[in-house]
Amino acid sequence: ICIDFSGDEFHLRGSSFAGVVNAIGTRVPSVIDPGYFSMAFKTVQELIRKDLILAGHDISAGGFITALLEMTFGRNDTGLRIDLDCFEEKDIIRLLFSEKPGVIIVVKYREKVSDILKNAGLNFHVIGSIVEGRTIEISHQKKAYTFDIDALRDTWYRTSYLLDRKQCGPRLAKVRFENYKAQGL
């Protein structure tokens, strides 16, 4: 379930994506209504206290794609099937990489959580489910995108490995790098 904290559009200015492609953009995603943001935050805290959230990730540090990938990196046996047609945004790049404030949560009781979110007046979307396999399959606007979790995790982890080499030495860093795939959280 994706919970919007901002009420804004999917702007790219200031995003990691904009930095990588050396683009400035025109608008930074913002929080339109601080009262709404507060209600969203309090409602997520309520869901945590009631033990209704199994996992979650912030969208505003890398966008949807980063949140989805990081949520799958800790396991070695699951993937995600995601449908983003519930959003009015037509541009898949803006959808995947905008860092507008929000969270993605995994829940066991979808209807119960949806009722709580609806009663709080929050803008949320049920966007997908956990599946077997090591891919994230995203559908949007009659197009399908498949991301290989393990290959992207290797790319992601390489940066940590290079830093680890400087901190702990090449031998220990290499042992950890060669072993991380065999270990889930």
Side-chain angles (χ1 to χ4, degrees), residues 1-20 23-75 78-131 136-141 143 145 147 149 152 156 185:
I1 297 176
C2 174
I3 306 170
D4 179 18
F5 275 44
S6 76
D8 202 357
E9 296 177 28
F10 292 89
H11 302 298
L12 291 174
R13 184 173 187 161
S15 66
S16 297
F17 175 79
V20 168
I24 295 174
T26 56
R27 290 195 55 206
V28 175
S30 184
V31 172
I32 302 300
D33 177 357
Y36 173 86
F37 180 91
S38 178
M39 177 56 74
F41 183 83
K42 288 176 184 174
T43 304
V44 169
Q45 295 304 306
E46 174 189 345
L47 294 173
I48 292 169
R49 278 192 302 280
K50 291 181 176 180
D51 206 24
L52 294 173
I53 295 179
L54 300 173
H57 201 292
D58 177 23
I59 299 167
S60 64
F64 258 108
I65 193 63
T66 300
L68 293 170
L69 284 166
E70 286 184 350
M71 290 176 81
T72 63
F73 286 170
R75 294 194 51 122
T78 59
L80 299 171
R81 185 169 296 123
I82 305 295
D83 182 349
L84 297 179
D85 283 332
C86 53
F87 295 99
E88 291 181 23
E89 177 60 57
K90 305 298 183 216
D91 184 339
I92 190 66
I93 297 298
R94 289 168 60 104
L95 257 177
L96 292 180
F97 293 100
S98 174
E99 296 180 9
K100 77 180 217 163
V103 295
I104 298 172
I105 59 173
V106 177
V107 301
K108 188 173 185 179
Y109 305 107
R110 186 180 291 179
E111 288 180 30
K112 184 175 186 174
V113 170
S114 292
D115 287 343
I116 291 169
L117 296 171
K118 196 178 303 173
N119 289 337
L122 299 183
N123 181 19
F124 71 96
H125 299 283
V126 175
I127 60 170
S129 58
I130 296 171
V131 296
I136 296 177
E137 299 170 8
I138 296 176
S139 61
H140 180 253
Q141 301 291 308
K143 291 185 181 176
Y145 306 89
F147 299 91
I149 295 166
L152 291 167
W156 188 268
L185 287 178

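Numbers for residues simply follow the sequence, beginning at 1. Only heavy atoms go into these numbers, but all of them, side chains included; no hydrogens, no water, no symmetry mates.
Side-chain contact between L69 and W156: absent, with no pair of heavy atoms (C-beta onward) separated by less than 4.5 Å. Residues L68 and I138 meet the side-chain proximity criterion, which asks for heavy atoms closer than 4.5 Å. Between F147 and L96 there is a side-chain heavy-atom pair separated by less than 4.5 Å. When side chains are defined from C-beta on, H140 does not count as touching E89, because their heavy atoms never get closer than 4.5 Å.
For the pair S38 (side chain) and P34 (backbone), a donor-acceptor distance under 3.5 Å is absent. Of the possible polar contacts, none joining the S98 side chain to the L95 backbone as a donor-acceptor pair under 3.5 Å is found.
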For residues 101-108, please give each side-chain donor-acceptor pair under 3.5 Å, one per line with the distance, not counting sequence neighbours.
none

In residues 10-18, what donor-acceptor pairs under 3.5 Å come from side-chain atoms, sequence neighbours left out?
{"from": "H11", "atom 1": "NE2", "to": "D8", "atom 2": "OD1", "distance (Å)": "3.3"}
{"from": "H11", "atom 1": "NE2", "to": "R27", "atom 2": "NH1", "distance (Å)": "3.3"}
{"from": "S15", "atom 1": "OG", "to": "L12", "atom 2": "O", "distance (Å)": "2.6"}
{"from": "S15", "atom 1": "OG", "to": "A18", "atom 2": "N", "distance (Å)": "3.0"}
{"from": "S16", "atom 1": "OG", "to": "E99", "atom 2": "OE2", "distance (Å)": "3.1"}

Return all side-chain donor-acceptor pairs below 3.5 angstrom for residues 115-131, not counting sequence neighbours, or 'none' if the list is empty.
{"from": "N119", "atom 1": "ND2", "to": "D115", "atom 2": "O", "distance (Å)": "3.2"}
{"from": "N123", "atom 1": "ND2", "to": "D4", "atom 2": "OD2", "distance (Å)": "3.4"}

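Applying the ring pair (Phe, Tyr, Trp, His ring centres under 6.0 Å) rule to pairs touching residues 36-67 yields F5-F37, F64-F87, sequence neighbours excluded. Sorted by first then second residue, the salt bridge (charged side-chain N to carboxylate O under 4.0 Å, His left out) pairs that include residues 28-55, not counting sequence neighbours, are E46-K50.
With rounding to the nearest 0.5 angstrom, the CD1 atom of I1 is 6.5 Å from the CZ atom of R110. Rounded to the nearest 0.5 angstrom, F97 CZ and I65 CD1 are separated by 6.5 Å. The CG atom of L54 sits 9.5 Å away from atom CE of M71, with the distance rounded to the nearest 0.5 Å.
Applying the salt bridge (charged side-chain N to carboxylate O under 4.0 Å, His left out) test to E70 and every residue at least two apart in sequence or in another chain returns nothing. D85 is linked by a side chain to side chain donor-acceptor pair (under 3.5 Å) to nothing, counting only residues two or more places apart in sequence or in another chain. Contacts of Q141 classified as side chain to side chain donor-acceptor pair (under 3.5 Å), with partners at least two apart in sequence or in another chain: none. Remark: T66 engages no residue in a side chain to side chain donor-acceptor pair (under 3.5 Å) (not counting sequence neighbours).
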